Colleague: 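One structure follows; several queries about it will come next.
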Amino acid sequence: MIDVRLLRANPAEVRAALARRGDPELDQVVLRAQAADDRLREITARRDQIRARVNELSREVGRLRREGDVEAAEALQGESRELGSEESVLAAEHDSMAADLRELLLVIPNIPNADVPDGVSDADNPVIAGPYLPEGGEEGFAEHQRVPHWEIGAQLGILDNERATKIAASMFTMQRGAGATLARALCQYALDSNADAFEEVRPPTLVSTATLTSTGQLPKFADDAYAIERDDLWCIPTAEVPLTSIHAGEILDQAELPLRFMAYSPCYRREAGSAGRDTRGMLRSHEFDKVEILALSTPEQAPVLLTEMIGRVERMISSLGLHHRAIEICTGDLGQSHHRSVDIEVYAPGCGQWLEVSSVSWFSDYQARRADIRYRPLDDEGRPQKGTALVHTLNGSALAVPRVWAAILETHRQADGSVAVPEVLRPYMRGIERIG
RNA sequence: GGAACGGUGGCAGAGCGGACAAAUGCAGCCGCCUUGAAAGCGGCCGGCCCACAAGGCCCGGGGGUUCGAAUCCCUCCCGUUCCGCCA
């Protein structure tokens, strides 16, 4: 959520900043939120005045009763009772107005960072690092590398999506033999590579509605998530969801920040808006594995962490012998909760596509406000300051398995049709150097 | 799933219809004392809404009874223990 107080104090600024996202309907929502906030404060003030009077009368009644003046007490009780019914009307009005305001605020996206470039769609996302390609660029790959991974997977018997579909439904995948081992090895490698700075967590992968709302998936994107209605739980689309909420509702000490977590988890996505796209191979599926890295920080630490996390992802991709580039997401393509976001894409020579394998994002205090994650700020001398402040959250995929799996098959395919296993993965694959 | 008992501030733990945002202890902060520290002494010491103050709200969530609820009633959630079931 954005800060209502900011909207109150600088409505023009907030509207201008949000206008950069290019959503023509958004401004109306912002204006309605502003009106709801005005109305809410007015009702609150009136309600509180009545409550103050009722409290005063009740104290007086107590005193009179102790003194034995029943008649006077009963007179005041009558007055108080009348005020009470007036109060309950205003209280109901207050509650429904507060709910209205919250509903509006929950669908207003985050304010983009000033450094985010303007643009209307993904076509406007500038490349900010790379592309790191072999001699000759995208054309510089050998003929034996120009085979799509679904064909390689079939040739080597390590990808069996036909049977995955039989067992589950379309858009599910199944890796077998060395293909399954490779998928697992990628996860373990990613976890081990980030263990120097991140605490490993094995979180729940089914979460409550409140948890899925905190990170921004609900209420707006309910169609994208698998719901288990009978138990009022949701399948997580990413480990970002449970990891962000680890400290929901808590007040942290500034000295503990930044807190860093990483988790392997399966990720479940209905892909409601992308039916029929990327239906072959491993490029898009309803269930996949991912290692996520995440941090809770002060506002000052956040931009530094963003840079660090991007660097970690780039090094990981390079260490696997893959070719990548980094893309800065423009205002028109920025996700709802994102304050600033950078995608890492890997070139897959077999299908001839740049594949998004990671998205590293800074959420400012947007998720923290929804999840109510605060800290006690320290002053320059290290003494606690008055009050609390919201943390900033950041996260990124350290490694998303399917697309990296695909890029490895295509990039490391040899002239004889086998696939060379990147050196760093071999210890995680019982020493296997070559598939096929 | 059944039964019993619980859920109060950072932690521990009192309060069980009125003067309670809530005793007390620990932790924390400021000062005194000290060469420094500990101990001791004095003070401060939860959060939220509201521009501040005034005022209001918060004793697991929601609802009810009452002039008045941390305290009584209902309901849901969570925890502990025992039983059942189970990897």
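As a basis for the values below, the full set of heavy atoms in this structure was taken, side chains included, without hydrogen atoms, waters or symmetry mates. Protein chains get the first letters and strands the later ones, always in sequence-line order, with residue 1 at the start of each. Given the structure is predicted, the values throughout are model-derived calculations rather than measurements.
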Colleague: What pair of heavy atoms forms the shortest contact from A:H149 to A:G281, and how long is it?
Modeller: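 In this case the closest contact between A:H149 and A:G281 is NE2-CA, 3.5 Å.
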Colleague: Determine: side-chain N/O of A:R374 to OP1/OP2 of B:C48, distance under 4.0 Å, yes or no.
Modeller: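 So the side-chain polar atoms of A:R374 do come within 4.0 Å of the phosphate oxygens OP1 or OP2 of B:C48, strictly under.
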Colleague: Taking A:R374 first and then A:D372, would you say they form a salt bridge - that is, a charged N and a carboxylate O separated by under 4.0 Å?
Modeller: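 Looking at A:R374 and A:D372, the cut-off is met.
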Colleague: Taking only the side-chain nitrogens and oxygens of A:R81, find out if one of them lies under 4.0 Å from OP1 or OP2 of B:C67.
Modeller: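 It does, given that an N or O in the side chain of A:R81 lies less than 4.0 Å from OP1 or OP2 of B:C67.
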Colleague: Under 4.0 Å between a side-chain N/O of A:R41 and OP1 or OP2 of B:A51, yes or no?
Modeller: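 Yes, within the criterion.
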Colleague: Counting side-chain heavy atoms from C-beta on, which of B:C67, B:C50, B:G55 comes nearest to A:R8?
Modeller: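 So the side chain of A:R8 is nearest to B:C50.
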Colleague: Who does B:A53 pair with, Watson-Crick or G-U, both distances under 3.5 Å?
Modeller: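 The base-pairing partner of B:A53, which may sit in any strand shown, does not exist here.
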Colleague: Out of B:C50, B:G47, B:C67, which has the shortest distance to the side chain of A:Q77?
Modeller: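 Among B:C50, B:G47, B:C67, the one nearest the side chain of A:Q77 is B:C67.
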Colleague: Taking the same atom, P, in B:A3 and in B:C58, what whole-Å distance lies between them?
Modeller: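 The same atom, P, in both gives a distance of 32 Å.
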Colleague: Should B:G9 form a Watson-Crick or G-U wobble pair with both distances under 3.5 Å, which nucleotide is its partner?
Modeller: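 Across any shown strand, B:G9 pairs with none.
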Colleague: What distance, rounded to whole Å, do you find between the two P atoms, one in B:G60 and one in B:A70?
Modeller: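 These two P atoms come out 10 Å apart once rounded.
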Colleague: Would you sort out whether A:F172 and A:H286 count as a ring pair (Phe, Tyr, Trp, His ring centres under 6.0 Å), showing the intermediate values?
Modeller: CA-CA 6 Å; A:F172 282 84; A:H286 289 311; 5.3 Å; yes
Colleague: B:G1 pairs with which nucleotide, Watson-Crick or G-U wobble, both distances below 3.5 Å?
Modeller: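 Pairing partner, where one exists within any strand: B:C83.
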Colleague: Whether A:R47 contacts B:C49 is assessed here as follows: a side-chain N or O lying under 4.0 Å from the phosphate OP1 or OP2. Is that the case?
Modeller: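 So the side-chain polar atoms of A:R47 never come under 4.0 Å of the phosphate oxygens OP1 or OP2 of B:C49.
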Colleague: Any carboxylate oxygen within less than 4.0 angstrom of a Lys/Arg side-chain nitrogen, looking at A:E151 and A:R413?
Modeller: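 No salt bridge links A:E151 with A:R413.
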Colleague: Considering only the P atoms, how many Å lie between B:C78 and B:C29, rounded to the nearest integer?
Modeller: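 Rounded to whole Å, the distance is 38 Å.
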Colleague: Roughly, in whole Å, what's the span from CD in A:E56 to P in B:A54?
Modeller: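 My rounded result for the distance is 15 Å.
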Colleague: Under 4.0 Å between a Lys/Arg side-chain N and an Asp/Glu carboxylate O for A:E287 and A:R269?
Modeller: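 Looking at A:R269 together with A:E287, the answer is no, because their closest N to O distance does not fall below 4.0 Å.
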Colleague: Using the salt bridge (Lys or Arg N to Asp or Glu O under 4.0 Å) definition, which of the options A:E292, A:E200, A:E308, A:E199 pairs with A:R260?
Modeller: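 Testing each of A:E292, A:E200, A:E308, A:E199 against A:R260, the sole residue satisfying salt bridge (Lys or Arg N to Asp or Glu O under 4.0 Å) is A:E308.
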Colleague: If we take the P atom in both B:A12 and B:C50, what is their distance in whole Å?
Modeller: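 Their P atoms lie roughly 31 Å apart.
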Colleague: If pairing requires Watson-Crick or G-U wobble contacts with both distances under 3.5 Å, which nucleotide is the partner of B:A14?
Modeller: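 The base-pairing partner of B:A14, which may sit in any strand shown, does not exist here.
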Colleague: Measure all distances between protein nitrogen or oxygen atoms and nitrogen or oxygen atoms of nucleotides 78-80 of chain B, and list the pairs falling under 3.5 Å.
Modeller:
none

Colleague: In plain terms, say whether A:D38 and A:R41 are close enough for a salt bridge, that is, a side-chain N and a carboxylate O under 4.0 Å apart.
Modeller: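 Salt bridge flag = yes for A:R41 with A:D38.
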Colleague: Using a 4.0 Å heavy-atom cut-off, does A:R63 contact any base of the nucleic acid, only the sugar-phosphate backbone, or nothing at all?
Modeller: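 A:R63: no heavy atom of the nucleic acid under 4.0 Å.
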Colleague: May I ask you to decide if A:I158's main-chain N or O and A:Q175's side chain share a donor-acceptor pair within less than 3.5 Å?
Modeller: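 No.
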Colleague: With a 4.0 Å cut-off on N to O distance, would you call A:R176 and A:D160 a salt bridge?
Modeller: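 Yes, charged N to carboxylate O under 4.0 Å.
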Colleague: Under 4.0 angstrom, heavy atoms only, what part of the nucleic acid is A:R5 near: base, sugar-phosphate, or nothing?
Modeller: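 Counting heavy atoms under 4.0 Å across all strands, the contact made by A:R5 is with sugar-phosphate only.
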Colleague: Hey, does the side chain of A:R53 come within less than 4.0 Å of B:C67's phosphate (OP1/OP2), counting only N and O?
Modeller: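 Negative; the distance criterion is not met.
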Colleague: For the C1' atoms, the ones on B:A53 and on B:G40, what distance do you get once it is rounded to whole angstrom?
Modeller: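 Straight-line distance between the two C1' atoms is 39 Å.
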Colleague: The side chain of A:R51 is closest to which nucleotide in this list: B:G56, B:C48, B:C67?
Modeller: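 Nearest nucleotide to the side chain: B:G56.
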Colleague: Can you give me the N/O atom pairs linking the protein to nucleotides 58-62 of chain B at distances under 3.5 Å, or say none if there are none?
Modeller:
none

Colleague: Does any donor atom in the side chain of A:S121 or A:D333 lie under 3.5 Å from an acceptor atom in the other side chain?
Modeller: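 Side chains of A:S121 and A:D333: no pair found under 3.5 Å.
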Colleague: Ion pair present between A:E60 and A:R63, side-chain N to carboxylate O less than 4.0 angstrom?
Modeller: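 Judged by the 4.0 Å cut-off on N to carboxylate O distance, A:E60 and A:R63 do form a salt bridge.
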Colleague: Looking just at side-chain N and O atoms, do A:Y375 and A:D253 make a donor-acceptor pair shorter than 3.5 Å?
Modeller: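 Distance-only check fails for A:Y375 and A:D253.
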Colleague: Searching all strands shown, indicate the nucleotide that pairs with B:C41 (Watson-Crick or G-U wobble; both distances under 3.5 Å).
Modeller: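 Partner of B:C41: B:G31.
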Colleague: Between atom CD in A:E42 and atom C1' in B:G55, what is the gap in whole Å?
Modeller: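 Rounded to the whole Å, the gap is 17 Å.
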Colleague: Roughly how far apart, to the nearest Å, are B:G25 and B:G31 at atom P?
Modeller: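 After rounding to an integer number of Å, I get 23 Å for this pair.
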Colleague: Are OP1 or OP2 of B:C57 and a side-chain N or O of A:T44 less than 4.0 angstrom apart?
Modeller: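 No, because none of the side-chain N or O atoms of A:T44 sits under 4.0 Å from OP1 or OP2 of B:C57.
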Colleague: Assess whether a salt bridge exists between A:E271 and A:R284, defined as any Lys/Arg side-chain N lying under 4.0 Å from an Asp/Glu carboxylate O.
Modeller: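 Counted as a salt bridge, because a side-chain N and a carboxylate O are separated by less than 4.0 Å.
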Colleague: With the side chain of A:R376 defined as its heavy atoms from C-beta on, choose the nearest nucleotide among B:G56, B:G47, B:G18.
Modeller: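 Among the listed nucleotides, the one closest to the side chain of A:R376 is B:G47.
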Colleague: Dump the pairs, protein N or O against N or O of nucleotides 68-72 of chain B, anything under 3.5 Å, distances to one decimal.
Modeller:
{"from": "B:G68", "atom 1": "O4'", "to": "A:S58", "atom 2": "OG", "distance (Å)": "3.1"}

Colleague: Does the side chain of A:S265 come under 3.5 Å of the side chain of A:K290 through a donor N or O and an acceptor N or O?
Modeller: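 There is no such pair between these side chains.
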